[in-house]
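Single-structure report; data block below.
As the structure lists them, so they are numbered: ligands from 1, and atoms in each ligand from 1. The structure presented is a predicted model; accordingly, all values stated were derived computationally and were not measured.
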Amino acid sequence: MSGSRSAKDFFRPLAVGAPTPPTEIPARPSRAIHFFDPSNPKMAAKIPDMVGRVDVLLGNLEDAVKADNKLAAREGLVRIASETANLGGQSGPTQLWTRINSLDSPWALDDLTTLVPAIGAKLDVIMVPKVQGAEDIHYVDRLLAQLEAKAGLDRPILVHAILETARGVANVEEICGASPRMQGLSLGPADLAADRRMKTTRVGGGHPGYLVRQDPNPDQPDAHRPTYQQDLWHYTIARMVDACAMHGIYPYYGPFGDIADVTACEDQFRNAFLLGCVGTWSLHPKQIAIANQVFSPSVEDVAHARRVVAAMSALGGDGTGAVMLDGKMEDDASLKQCLVMVELAEQLAAIDPELKKQYDAIAEEA
Ligand SMILES: CC(=O)SCCNC(=O)CCNC(=O)[C@H](O)C(C)(C)COP(=O)(O)OP(=O)(O)OC[C@H]1O[C@@H](n2cnc3c(N)ncnc32)[C@H](O)[C@@H]1OP(=O)(O)O
Ligand SMILES: O=CC(=O)O
Ligand SMILES: [Mg+2]
């Protein structure tokens, strides 16, 4: 919770007539947040067909959009949101998000004052880049409340922060708790690497130089010593996951810029999934399928999780006690992990008919 507001005020609207802030952030499937540049006619043309096939479509207005195209991107997003059926809003199969320009840029204010009146009812989440601390969220929070009140919106637009500065990482817990609108965090490995003065030149992913080497064998000092590449982003993602879990919001991996390396992309996404992230960014259409697959629990894991839930239910259903399953001890702690899997599988099955078929098939086999 914000340090500057009392508990009773935290969930009051920040402007007269603005919608009431949410007390809980719903767990809507968001395995892939697919980025597109609304000023790029080829990308824009593909958006209607992507509705229903990707969990989130994000009209990007920030980095990767040329300065000369900033206005066209903003206007393009308004047009796409207005003309595309079933996109955004609470009931659509595909959420509509945007990434506005950074708050110190010449464009951020116009991004918000244009988008909220024009397409506020369809916009689910606004992603704010380069968030440094709670003060950035407080600024967006108040401005959104004013704009929502003026536009007569009845549902608050949620806010998502990109963690991509050293100060942002240092302030991660206060950013997550700065507003009841906070929906989640994404890792921004490219800007974060630059801000930290890391010696990398990539957009996310690993680096072959970041490794540990096996100790020498005293009996064979000249023998080959294998090396093991380490994950540059483990520390930051782990901090994000804890900060988000503590505040009841959702962590995401960010961009993986090596579009051609689908194998390493899948590995990076899976590390984030296993650590607790709920989704990732997709920069190119071919990353959508990778994200959807990685951020959906496997049928084997869901089958196992259901067996643990059934075994613990047979014990009385209150979570107490322990059972042996396939030689392994299961108790309340493993039951809770299994419930995370089962609940996620149910949420995804509700929006993904192909996945539903796979999960249903294993239920019938069991
Ligand atoms: C560090 C950060 O901030 S990351 C976030 C910001 N970056 C982005 O948002 C990048 C978004 N993606 C892109 O700009 C592009 O995918 C690029 C530049 C990486 C590659 O683009 P291309 O060289 O055109 O890729 P490619 O030729 O494989 O594209 C195939 C088709 O998919 C389209 N396409 C490519 N990316 C996308 C996308 N993100 N959404 C929709 N369509 C896309 C292309 O327009 C092309 O269409 P066509 O068949 O009608 O010609
Ligand atoms: O915006 C994303 C990043 O990695 O920087
Ligand atoms: Mg960035």
Compute whether any side-chain donor of one residue and acceptor of the other, for Glu346 and Tyr359, lie under 3.5 angstrom apart. no
For Asn60, the atoms of ligand 1 under 4.0 Å from one of its heavy atoms are 6 (C), 9 (O)
Region of His34 engaging ligand 1 - heavy atom pairs below 4.0 Å: side chain
Any protein heavy atom at under 4.0 Å, with atom 37 (C) of ligand 1 as the reference point? yes
Of His160, Gln183, Arg155, which meets side-chain hydrogen bond (donor to acceptor under 3.5 Å, both in side chains) against Asp124? Arg155
Answer with yes or no whether the side chains of Arg99 and Ser186 bring together a donor and an acceptor at under 3.5 Å. no
In this structure, does ligand 2 have an atom that sits under 4.0 Å from one of the heavy atoms of Gly254? no
Is any N or O atom of Phe35, backbone or side chain, closer than 3.5 Å to an N or O atom of ligand 1? yes
In the protein, N/O/S atoms that are found under 2.8 Å from the Mg ion (ligand 3), waters not counted: Glu164 OE1, Asp191 OD2
When only distance counts, is Pro189 in polar contact with ligand 2, meaning an N/O pair under 3.5 Å? yes
Under 4.0 Å to a heavy atom of Trp281 - the qualifying atoms of ligand 2, by number: 1 (O), 2 (C)
Examine the proximity of ligand 2 to Pro129 and report which part, side chain or backbone, both or neither, has a heavy atom under 4.0 Å away. neither
Which bit of Phe256 gets closer than 4.0 Å to ligand 2, counting heavy atoms only: side chain, backbone, both or neither? neither
Report, one line per pair, each donor and acceptor closer than 3.5 Å where one atom sits in a side chain of residues 38-48; sequence neighbours left out.
| from | atom 1 | to | atom 2 | distance (Å) |
| --- | --- | --- | --- | --- |
| Ser39 | OG | Asp37 | OD1 | 2.7 |
| Ser39 | OG | Asp37 | OD2 | 3.3 |
| Asn40 | OD1 | Lys42 | N | 3.0 |
| Asn40 | OD1 | Met43 | N | 3.1 |

Pull out every atom of ligand 2 sitting under 4.0 Å from any heavy atom of Ala190, numbered as shown with elements. 3 (C), 4 (O), 5 (O)
Please identify which atoms of ligand 2 are closer than 4.0 Å to at least one heavy atom of Asp191. 3 (C), 4 (O), 5 (O)
One residue to check: Arg99. Relative to ligand 1, which of side chain, backbone, both or neither has a non-hydrogen atom less than 4.0 Å away? side chain
I'd like to know whether ligand 2 has Glu62 as a neighbour, heavy-atom separation below 4.0 Å. no
Using a heavy-atom cut-off of under 4.0 Å, does the side chain or the backbone of Leu283 touch ligand 1, or both, or neither? both
Any nitrogen or oxygen of Asp63, main chain or side chain, under 3.5 Å from a nitrogen or oxygen of ligand 1? no
Relative to atom 15 (C) of ligand 1, which among Lys42, Met43, Met50 owns the nearest non-hydrogen atom? Met43
Using distance alone, determine whether Glu164 and ligand 2 share an N or O pair under 3.5 Å. yes
Counting heavy atoms under 4.0 Å, the part of Met127 that contacts ligand 2 is neither
Check: Asn40 N/O within less than 3.5 Å of ligand 1 N/O: no
